[in-house]
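Report on the structure given below.
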Amino acid sequence: MHVKKRAKIFIVCTMILLLALIGRLAQIQLIQTESFSKHHINLIEASVKQRTQAIVLDDGRGRFIDRNGDAITNDYYPSLVLFPFLKGMDWPSDKIAAIIGVPERELIRAVEQAKTPFAFGGKYPLKLTELQKDQINALKIPGVFAVYKQVPADERLAEHLIGIVRQNYQLLKERYPEKLKNSLISPDTAIGITGLQRAFDEFLLPEGESKLLYHVDQLGGPLFGLDVKYTAPANPFYPTAIKTTLDKSLQTMVEKELDKIGLKKGGVVLLDVETSDILTLASRPKMNDKNPLAEPGGINTMILPQIPGSIFKIVTAAAAIESNLKVNSRIYDCNLNLYGEKGSERELGLLNFEESFAKSCNYTFAKLAEELMAENPDYMEQYAAKLGLIGRIGWHGDVFHFGNFKQFPEEQTGRIWGDQKDKYVKKAINQTAIGQKEVRLSPLAVANMMATIARGGEKKQVRAVSEVQYKNGTTLFSFPLQNLEGEQLSSHTIDKLQHLLREVVQSGTGVRFNTLPYTVAGKSGTAETGREGFVNKWFAAYFPVENPKYALVVVDLDVRENEAKTYEIVEKIILNIYQSVNG
């Protein structure tokens, strides 16, 4: 009796187990074949992958190019692709070698060592000409193809401006729920997290990979003969290329100089004076690609507000000139400190207004600010706005269905006051007048101010991207030059500021730049950071003075003053630009 009972229990358990296995198989093979488990695995695709060898020609995500069309992220050019089944064939390797100009033995060796399809030349494949591509394909050799292939850039440039791409399913679902729902994108699609990658993510989003593939048996041999298939998204206009305003050669030069000099924190902004387009933007510390957002290197310091110090005296000077304060006939006791007391760290003697600006006398500008604030408590914001320093500086506007599209999504706007009550406190006014207290300006905004002054007062938005291009090079969307809203300074005030900035280099704090091959106008700034002995060391300039082409800001952040590399970097950059322009 007990034996029969145990037998029934065993049979029932066996049946339950078999039913569970059948249910699991049904789930895998019939029900959840395209979205299995919480990881949404496509089991059909996974099965095909196991018996397929493929080489990805293009992952489908758009790329970034500089103003001249040179690759910044991924290059895209004709490459020689070879398949491993060639090693068992008699193929005309001598003809291919002759076309591409390499020894035949190199081709044969590469094929013999290959286990999967590959582009000849390694990580950076040999670049073919259009003629070579056509000659190779005309031979119609099975397993030999000359095709356009995506190639990684040979160096990482402007990484903070370009931004990072990562897989993030939650964020992907938030941004593109309909695309995911309709299987237009894969759940493991990488998306832009920061910088231009984030701003232009919808333009860059891949529609699918382009690849060459063939099916293999258990030994790796061709399963269905030598038939190699090409698969690609149906849309011939994608992936796109984002044409930036960067000059790759200048960006490369600046990055190398920063690394050589060893700038730890800070960076460089170089603008085209005529347009306010970014030619170069480099931020330090460098980005840790493995975990960029967990470290300071993930932050673009050039678009974040920093303490400007005496750079802000440009605003105070502009307000004094435009408000018709009788500055030219007055003498200031620059042996006094910021608050008009004895004991200044820099005793400069009796100076007039121009000399005070050139030598950066704190007392003069603190005194002028007191008088200006007595007449108009809002003067600092008004004149900072006239110089394009506060508010959003980066390009923003409507792009197709994107309302108020921003090229710099992480940009933070500058500020003058932390507490409006400080407008009526003498010491707070004195400190604000020289760019201390709560004043915060981004290096990008300061560079744009210098460009504004250099071109005569017209305020423009800063562009990092000029257009989005289709795969064939035609234009999908162009970003027009746009002015910043609001009042501008008078031509008289601009002329006076240009003169003051030139005097800084001729006889003031920037005199060391007077021997450079370009004539330079600029302003230095040393801002106390709140940490004893540590400062932000700035120099903002434009050049050449006679026909301004470049606006430059270099800032060494949170550094001991005697260790700052600002002036050295300015010199190196200007000399390099001069040499590149003049051979």
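T301 and S283 form a side-chain donor-acceptor contact under 3.5 Å, judged by distance and modelled atom types alone. In this structure, a donor-acceptor pair under 3.5 Å is absent between the side chains of T116 and Q53. Between the side chains of Q170 and R175, no donor N or O sits under 3.5 Å from an acceptor N or O. Judged by distance alone, the side chains of Q469 and E467 do bring a donor and an acceptor atom under 3.5 Å apart. Between the side chains of N448 and S276, at least one donor N or O sits under 3.5 Å from an acceptor N or O. Side chains of N288 and E295: a donor-acceptor N/O pair is present below 3.5 angstrom, by distance only.
Side-chain atoms of F118 and L82, non-hydrogen and from C-beta on, do get closer than 4.5 Å to each other. Between V151 and Y76, every side-chain heavy-atom pair lies at or beyond the 4.5 Å cut-off. Residues T566 and W538 have side chains not in contact (no heavy-atom distance under 4.5 Å, counting atoms from C-beta outward). Side-chain contact check for E257 versus N576: some heavy-atom pair is nearer than 4.5 Å. Contact annotation: the side chain of P125 approaches that of Y77 to within less than 4.5 Å [non-hydrogen atoms, C-beta and beyond]. Side-chain contact between D94 and L107: absent, with no pair of heavy atoms (C-beta onward) separated by less than 4.5 Å. With contacts defined as side-chain heavy-atom distances shorter than 4.5 Å, the pair D556/K565 qualifies. Put simply, the side chain of I242 does not reach to within 4.5 Å of the side chain of I65, judged on heavy atoms.
Within the 3.5 Å criterion, the main-chain N or O of V468 finds no donor-acceptor partner in the side chain of T240. A distance-only check finds no donor-acceptor pair linking the side chain of H160 to the backbone of G195 [under 3.5 Å]. Q482 places no side-chain N or O within donor-acceptor distance of the main-chain N or O of P480, the cut-off being under 3.5 Å. In this structure, T252 contributes its side chain and K248 its backbone to a donor-acceptor pair below 3.5 Å. Although no hydrogens or angles enter the test, the distance criterion places no donor-acceptor pair under 3.5 Å between the side chain of D398 and the main chain of G403. Remark: the backbone N or O of A146 is paired with a side-chain donor or acceptor of N137 at under 3.5 angstrom. Between the side chain of W91 and the backbone N or O of V144, no donor-acceptor pair lies under 3.5 Å. Checking side-chain atoms of Q132 against main-chain N and O of T129 turns up a donor-acceptor pair under 3.5 Å. Although no hydrogens or angles enter the test, the distance criterion places a donor-acceptor pair under 3.5 Å between the side chain of H396 and the main chain of G394. The backbone N or O of G192 lies less than 3.5 Å from no partner atom in the side chain of R198, so there is not a single donor-acceptor pair.
For the pairing with E255, the salt bridge (charged side-chain N to carboxylate O under 4.0 Å, His left out) check across R156, K260, R284, K572 returns one residue only, R284. The one candidate from D75, T73, D58 that meets the side-chain hydrogen bond (donor to acceptor under 3.5 Å, both in side chains) condition with Q150 is D58. Here the options are V102, L128, V111, V81, the test is side-chain contact (heavy atoms from CB on, under 4.5 Å), and the partner is F120; only V102 passes.
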Verdict with reasoning, V56 to E209, per side-chain contact (heavy atoms from CB on, under 4.5 Å): CA-CA 7 Å; V56 175; E209 295 178 332; 3.9 Å; yes
What's the verdict on ring-ring contact (aromatic ring centres under 6.0 Å, His included) for F237 and F203, showing C-alpha distance, side-chain angles and the deciding distance? CA-CA 12 Å; F237 296 104; F203 291 101; over 10 Å; no
Take Y238 and L476 through the test side-chain contact (heavy atoms from CB on, under 4.5 Å) and record every step on the way to the result. CA-CA 11 Å; Y238 287 81; L476 169 60; 4.3 Å; yes
Begin with the C-alpha distance, continue with both residues' side-chain angles, and end with the deciding distance and a verdict on ring-ring contact (aromatic ring centres under 6.0 Å, His included) for F477 and F400. CA-CA 9 Å; F477 186 85; F400 297 134; 5.2 Å; yes
If you apply the rule side-chain hydrogen bond (donor to acceptor under 3.5 Å, both in side chains), what do you find for N483 with Q461, and how did you get there? CA-CA 6 Å; N483 286 347; Q461 295 180 10; over 6 Å; no
How far apart are the C-alpha atoms of I193 and L171, what are their side-chain angles, what is the distance that settles it, and do they pass the side-chain contact (heavy atoms from CB on, under 4.5 Å) test? CA-CA 9 Å; I193 304 298; L171 191 56; 3.7 Å; yes
May I have the step-by-step check of side-chain contact (heavy atoms from CB on, under 4.5 Å) for I303 and E410, ending in yes or no? CA-CA 8 Å; I303 63 172; E410 292 98 357; 3.9 Å; yes
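Atom CD of E274 has 12 or fewer neighbouring heavy atoms from other residues, nucleotides or ligands inside a 6.0 Å radius. Counting heavy-atom neighbours within 6.0 Å of K264 NZ, excluding the residue itself, gives a total of 12 or less.
Under the 30°/60° scheme for interplanar angles, the aromatic rings of F479 and F405 are found to be tilted. Ring pair Y214/F85 is perpendicular by interplanar angle, where above 60° counts as perpendicular and below 30° as parallel.
Rounding to the nearest 0.5 angstrom, the gap separating the CG atom in N300 from the CG atom in L281 is 5.0 Å. Remark: D66 CG to T245 OG1 distance equals 9.5 Å, nearest 0.5 Å. From L575, atom CG reaches atom CD of Q579 across 6.0 Å, with rounding to the nearest 0.5 Å. The distance from atom OH of Y230 to atom OG of S210, rounded to the nearest 0.5 Å, is 4.0 Å. Expressed to the nearest 0.5 Å, how far CD1 of I569 lies from CG of L263 amounts to 4.5 Å. Between the CG atom in L444 and the CE atom in M302 there is a gap of 9.5 Å [rounded to 0.5 Å].
For the pair A551 and A447, the tightest heavy-atom approach, listed with the atom from each and the gap, is CB-O, 3.6 Å. When all heavy atoms of T194 and I164 are compared, the pair lying nearest together is OG1-N, 3.1 Å. Residue L172 comes nearest to P187 through the heavy atom pair CD2-O, 3.6 Å, listed as atom of the first residue, atom of the second, then distance. In terms of heavy-atom proximity, Y124 sits nearest to P152 at CE2-O, 3.2 Å. Considering all non-hydrogen atoms of both residues, A158 and L246 come closest at CB-CD1, 3.8 Å. D188 and Q167 make their closest contact through O-NE2, 2.8 Å (heavy atoms, listed as atom of the first residue, atom of the second, distance).
The pair D201-R61 meets the salt-bridge criterion, with a side-chain N (NZ, NE, NH1 or NH2) lying under 4.0 Å from an Asp/Glu carboxylate O. A salt bridge links K133 and E130; the closest N-O separation between the charged side-chain nitrogens and carboxylate oxygens is under 4.0 Å. We find that D277 and R463 are joined by a salt bridge, their nearest charged nitrogen and carboxylate oxygen being less than 4.0 Å apart. Taking the charged nitrogens against the carboxylate oxygens, E411 and K406 have no contact shorter than 4.0 Å, which rules out a salt bridge. Between D259 and K286 a salt bridge is recorded (basic side-chain N to carboxylate O distance below 4.0 Å).
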